[in-house]
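Sequence lines set the chain letters: A, B, ... in the order given, protein chains first and strands last, and positions in each chain run from 1.
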Number of protein chains: 2
Amino acid sequence: MSDLNISKTSTTYRPVTCENCNLENLCMPKGLDKQEIGGLALLVNRNNIRQRGEAIYHAGSPFRGMIALRSGSAKLASFDQNGNELVVAFILPGEIVGFDGLATQLHNCTVTALETLNYCHLPAHKIEQLVINSPGLIYVLLQRSCNELDSQVQKMLMSRHSAEKRVANFILNISERLRVRGYSELEFRLSMSRKEIGNHLGIAHETVSRIIQLFQSRQFIEIKSKQLRIIDKKELFNFLQPIH
Amino acid sequence: MSDLNISKTSTTYRPVTCENCNLENLCMPKGLDKQEIGGLALLVNRNNIRQRGEAIYHAGSPFRGMIALRSGSAKLASFDQNGNELVVAFILPGEIVGFDGLATQLHNCTVTALETLNYCHLPAHKIEQLVINSPGLIYVLLQRSCNELDSQVQKMLMSRHSAEKRVANFILNISERLRVRGYSELEFRLSMSRKEIGNHLGIAHETVSRIIQLFQSRQFIEIKSKQLRIIDKKELFNFLQPIH
DNA sequence: AACAATTTTTGATCTAGCTCAATTTTCTAA
DNA sequence: TTAGAAAATTGAGCTAGATCAAAAATTGTT
């Protein structure tokens, strides 16, 4: 496996190594024998690239399998009967998508690159093989999908809160996810537009803009276009407390 | 397995048979050999009972395993740091809960009986055994959890719509879920309170009440306390269309 | 059957955040 | 480097649905 050893404190999302990639537990899950690990390595296609705006898979198309993002970022979006987009999630390096096609064998969502990205791909037809040869890996996938469910419940909880809390939580959530992958948690690029943030959080993009400016004016954050620096994490956390 | 052959057109939620129970695919999934099926039958505890208000498991407690509801109904709820309840879902006969504890081994949610209910229980410690002995069953669980994710995305989509659309969709959703399990889709008991419906849909209970009265005044539905009859399904569907 | 507690309904007011509109800034591509 | 397009910001008014309040209906209990 080709590790790309690039500084982890970079302010943009750079390639993750196999060690901190979320595929880690798929490529080399604890408790699995070497045969299973070797088998998986043969099944995964590495080093796929998409440019900003290009899709990895489309809603309505046949299940492509699981995708692990190695660098860059993406959005996961669904569409209503009228074609209106709903941004379900933003995907950061080391994170996995594809669950939206697994149950029905048809993708429910579209995954679109927010900037140039690189991903690994476990094709759909090879998952059936894993059921027989590497049941432990399927169990890992089950745990991951339950993690996704937990996140969705978290988002549902946030949707009861004010727009200010939602934006504060959003910034802290991205920060934390970057941190656990070894990136800078205090300075990073928000590669999605205000409109996409608003869509995801269920608030108007004008409101997102106003709140970001508010946080900046209060010196909680500094933002230059898409480049964000968290100045006062504690104050952002305070926004999540009941009194606000 | 003891089948309880009770009329499926009953207006309250009665016991499901093994054939239409959602555990069906766990008890006797297609493509699994008899050894696996027999093995599972030994692992599942049947005929557990809870009275209205009693919990099957609590948020924060260790993962209890998977629960399949055989009769009655329940609510799945999470809580914020302040103790405010969020109704994540309502559970109908034949449906499964427990995914909220699988990833972290701690339950994220509480499941509470909305009326007397009966359930089957696959204990947590036996799931590990299934990974080795019945990998096909774990794959079925994975598909189920992905189905849950799909539903969550559906709910997220609905949250962008008006309160009227949300209530119309809620009624039609319950109706459809009862239908696929073989119950009457046009006449049933809404065992949850207006407050719980509102909590789940993200609207005030007063608003739920007003909209239900509106639907009744327009002769789309007839409601006596918790007993609901759908008079004009087509009109309810119309509410989901863009023009409204 | 009567009481108390809870839930539901209905009315009246209030407000967070949306929508519409007009600039300003940033990005893209020649 | 510059023009045109897209995104972000800022302002001002508007509205769906929240909140507050009070009455009516339902449910559970002795």
Starting at [atom1] of [X] and ending at [atom2] of [N], how long is that distance when rounded to a whole Å?
| X | N | atom1 | atom2 | answer |
| --- | --- | --- | --- | --- |
| B:R166 | D:dG17 | CZ | P | 7 Å |
| A:I211 | D:dT9 | CD1 | P | 12 Å |
| A:I223 | D:dT10 | CD1 | P | 12 Å |
| A:N199 | D:dA8 | CG | P | 13 Å |
| B:H205 | D:dA18 | NE2 | P | 11 Å |
| A:L214 | D:dT10 | CG | C1' | 14 Å |
| A:L190 | D:dA8 | CG | C1' | 13 Å |
| B:E115 | D:dT27 | CD | P | 13 Å |

Among D:dG17, D:dT10, D:dA18, which nucleotide has an atom closest to any side-chain atom of A:R210?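 Among D:dG17, D:dT10, D:dA18, the one nearest the side chain of A:R210 is D:dT10.
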
So if I take every side-chain heavy atom of B:S225 and compare against D:dT26, D:dA7, D:dG17, which nucleotide ends up nearest?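 Of the candidates, D:dT26 comes closest.
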
Take atom NZ of A:K195 as the centre, draw a 6.0 Å sphere, and report whether it contains more than 12 heavy atoms from other residues, nucleotides or ligands.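 Counting other residues, nucleotides and ligands, NZ of A:K195 stays at 12 neighbours or fewer.
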
Flag yes if more than 12 heavy atoms outside B:E85 fall under 6.0 Å of its CD atom; otherwise flag no.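 Yes, the 6.0 Å shell around CD holds more than 12 heavy atoms from other groups.
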
Note down the inter-axis angle between the two ends of the helix from C:dA1-D:dT30 to C:dA30-D:dT1, five pairs each, to the nearest 10°.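 Result, rounded to 10 degrees: 60°.
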
Counting any heavy atom closer than 4.0 Å, what does [X] reach on the DNA or RNA strands: base, sugar-phosphate only, or nothing?
| X | result |
| --- | --- |
| B:K226 | sugar-phosphate |
| B:I212 | nothing |
| A:R52 | sugar-phosphate |
| B:E206 | base |
| A:G202 | sugar-phosphate |
| B:A204 | base |

Output yes when a side-chain donor or acceptor of B:T110 lies under 3.5 Å from a complementary backbone atom of B:A59, and no otherwise.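 Present.
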
Donor-acceptor contact below 3.5 Å, side chain A:N118 vs main chain A:R70: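 A pair under 3.5 Å: no.
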
For the residue pair B:N173 and B:N169, confirm or rule out a side-chain donor-acceptor distance under 3.5 Å.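 Checked: B:N173/B:N169 side chains show no N/O donor-acceptor pair below 3.5 Å.
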
First of B:R194 and A:H161 reached from the 5' end of DNA chain C, by closest nucleotide: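 Comparing both residues, the 5'-ward one is B:R194.
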
Out of B:E54, B:E196, B:E95, which one pairs with B:K75 under the salt bridge (Lys or Arg N to Asp or Glu O under 4.0 Å) rule?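 The salt bridge (Lys or Arg N to Asp or Glu O under 4.0 Å) with B:K75 is passed solely by B:E196 among B:E54, B:E196, B:E95.
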
Where do B:M192 and B:K226 come nearest, in terms of heavy atoms and distance?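 Reported closest heavy-atom pair: O-NZ, 3.6 Å.
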
For chain B, the stretch of DNA chain C it reaches, first to last nucleotide, under 4.0 Å of its heavy atoms: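 The protein-touched segment is C:dT8 to C:dA12.
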
About how many Å separate CG of A:L178 and CD of A:E185, when rounded to the nearest 0.5 Å?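 CG of A:L178 is found 9.5 Å from CD of A:E185.
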
Below 4.0 Å: OP1/OP2 of D:dT10 and any side-chain N or O of A:S209: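 No.
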
side-chain hydrogen bond (donor to acceptor under 3.5 Å, both in side chains) between B:H121 and B:R64: does it pass, once the steps are laid out? CA-CA 9 Å; B:H121 177 208; B:R64 276 207 72 201; 3.2 Å; yes

What class does the angle between the rings of B:F215 and B:F220 fall in, given that below 30° is parallel, 30 to 60° is tilted and above 60° is perpendicular?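 The arrangement is tilted - the two ring planes meet at 30° to 60°.
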
